[in-house]
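In what follows, a single structure is set out as structure tokens and then discussed.
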Amino acid sequence: MRFLHSKFQNIKPYTPGEQLNNPEVIKLNTNENPYPTPANVIEAATKVAATLSRYSDPTAREVIEPLAAHFGVKPEEVFVGNGSDEVLSLLFQGFAEEGINFADLTYGFYEVYRQYYQCKGETIPLQKDFTLNLADFNQTKGTIILANPNAPTGLVTPKEELLDFIQKHPERLFIVDEAYGDFANESIIKEAVKYENVVVVGTFSKSRHMAGARLGFAVSNAQRINELNRLKFSTNPYNVNSMTIACGKASLANQAYVDECVQKVIATRTWISQQLTDLGFEVLPSHTNFIFVRHPKLAGQDFYQQLKEKNILIRWFDQERIRDFCRVSIGTDEEMHKFLNVTTALLERVN
């Protein structure tokens, strides 16, 4: 700590999910897409690899233009970054002068960024059923950020309710993190460009098989995007590498495969939710590619640890309100059958 700036000495970093390079491990802990990266995306990366001696295009137009077309917005209403985490970082850095506020149970990086950029703000408790009461933000000042659907709960705030609240507070900026938006039907991306006070953030990591490529985006009115670009060009102009740009473009050209995999995940989510409910689990209604579960006879930490011993990784959060819950990413049907079989055996031992 001798040379580290004093304002960073007590910061608590974000803890990412375990990444084990073991082919025998079933990874249900980091909400990655369980299906193979499509061939055209791999081909795009391979082709562009030959040009890595050159800088990437700082405008990233080859991915921004098809992404804008996909959402039905203008290219100048789209920003891309090195994963949605970079986009969020820039938003905390540049748009939280009056404070930034979020729920107590949500994406863990929000609190890290609030500390990192020394932002003021309030943490709003979710309701007992883990839903969000937007009116609770009336007691706060400054920017509001919410993950919709939320993580780790998987719950969603209805689109109409959110837009109504946004319209009633034109003086406040709303950042809506739709990392899991493709697994729900509540996206406000198309509406975001109509407002001056809304930024929607998304990612290619979940539905688009590109967690390792790091590509995130924001959709907003052109003025907010221009301001994000001002921050980017003041810190890291070449923030998205050439291979990632090419992969993003290829992914957008293969929308049918993305949609097919999303529907598979949703179908498996529905099936495994029912199976676990039948085993006595409480399963929150998920609108994501994961489920949030707890069992009255199996502590969350024990469930996580015993599955890990069987080479199955899930996510447990050591937080007071959710210590009995675990988050389980949706894998392939084969992976989820193995998870279910092991879980059933564990419960037989505790019953």
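Since this is a predicted model, take the numbers as computed values, not measurements.
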Distance to the ring centre below 6.0 angstrom and angle to the axis at most 45 degrees; does that hold for Lys264 and Tyr35? yes

If we count only N and O atoms by modelled type, under 3.5 Å, do the side chains of [X] and [Y] hold a donor and an acceptor together?
X: Arg114; Y: Thr123; value: yes
X: Asn254; Y: Asn40; value: yes
X: Asn138; Y: His169; value: yes
X: Asp278; Y: Gln274; value: yes
X: Asn241; Y: Thr244; value: yes
X: Ser205; Y: Arg214; value: yes
X: Ser242; Y: Tyr55; value: no
X: Gln127; Y: Asp136; value: yes

Main-chain N/O of Val48 paired to Thr51 side chain as donor or acceptor, under 3.5 Å: yes

Under 3.5 Å donor-acceptor, Thr143 side chain and Phe95 backbone: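 The answer is yes, because a donor-acceptor pair under 3.5 Å joins these two groups.
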
Determine whether more than 12 heavy atoms belonging to other residues, nucleotides or ligands lie under 6.0 Å from atom [atom1] of [X].
X: Tyr14; atom1: OH; answer: yes
X: Glu196; atom1: CD; answer: no
X: Asn185; atom1: CG; answer: no
X: Lys159; atom1: NZ; answer: yes

Co-membership, hydrophobic cluster, residues Leu67 and Leu215, 4.5 Å side-chain: yes

Centroid-to-centroid, [X] to [Y], below 6.0 Å?
X: Phe79; Y: Phe217; value: no
X: Phe303; Y: Phe281; value: yes
X: Tyr257; Y: His209; value: yes

Interatomic spacing from [atom1] in [X] to [atom2] in [Y] - rounded to 0.5 Å:
X: Thr288; Y: Phe183; atom1: OG1; atom2: CZ; result: 8.0 Å
X: Glu227; Y: Arg224; atom1: CD; atom2: CZ; result: 4.0 Å
X: Leu313; Y: Gln19; atom1: CG; atom2: CD; result: 9.0 Å
X: Leu105; Y: Ile124; atom1: CG; atom2: CD1; result: 12.5 Å

Below 4.0 angstrom, N of the basic side chain to O of the carboxylate: do [X] and [Y] qualify?
X: Glu32; Y: Lys27; value: yes
X: Asp318; Y: Arg323; value: yes
X: Lys141; Y: Glu98; value: no
X: Lys338; Y: Glu335; value: no
X: Glu77; Y: Lys74; value: no

Report the C-alpha distance between Phe130 and Phe325 in whole Å, list the side-chain angles of each, state the deciding distance to 0.1 Å, and finish with yes or no for ring-ring contact (aromatic ring centres under 6.0 Å, His included). CA-CA 12 Å; Phe130 300 119; Phe325 280 86; 5.5 Å; yes

What verdict does the ring-ring contact (aromatic ring centres under 6.0 Å, His included) test give for Phe290 and Tyr180, after you've listed the backbone C-alpha separation in whole Å, the side-chain angles of each residue and the deciding distance to 0.1 Å? CA-CA 9 Å; Phe290 61 83; Tyr180 301 97; 5.1 Å; yes

Is any side-chain heavy atom of Ile145 closer than 4.5 Å to one of Ile100?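 Result yes, sub-4.5 Å side-chain heavy-atom pair found.
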
Show the numbers, then the answer: is there a side-chain hydrogen bond (donor to acceptor under 3.5 Å, both in side chains) between Asn148 and Glu186? CA-CA 8 Å; Asn148 202 42; Glu186 302 293 341; over 6 Å; no

Parallel, tilted or perpendicular: which fits the ring planes of Tyr113 and Phe92, with parallel below 30° and perpendicular above 60°? tilted

CA sep, side-chain torsions, deciding dist, call: Phe102, Phe109, ring-ring contact (aromatic ring centres under 6.0 Å, His included): CA-CA 11 Å; Phe102 43 82; Phe109 235 134; over 10 Å; no

Tell me every residue that passes salt bridge (charged side-chain N to carboxylate O under 4.0 Å, His left out) with Lys168, counting only those two or more places apart in sequence or in another chain. Asp164

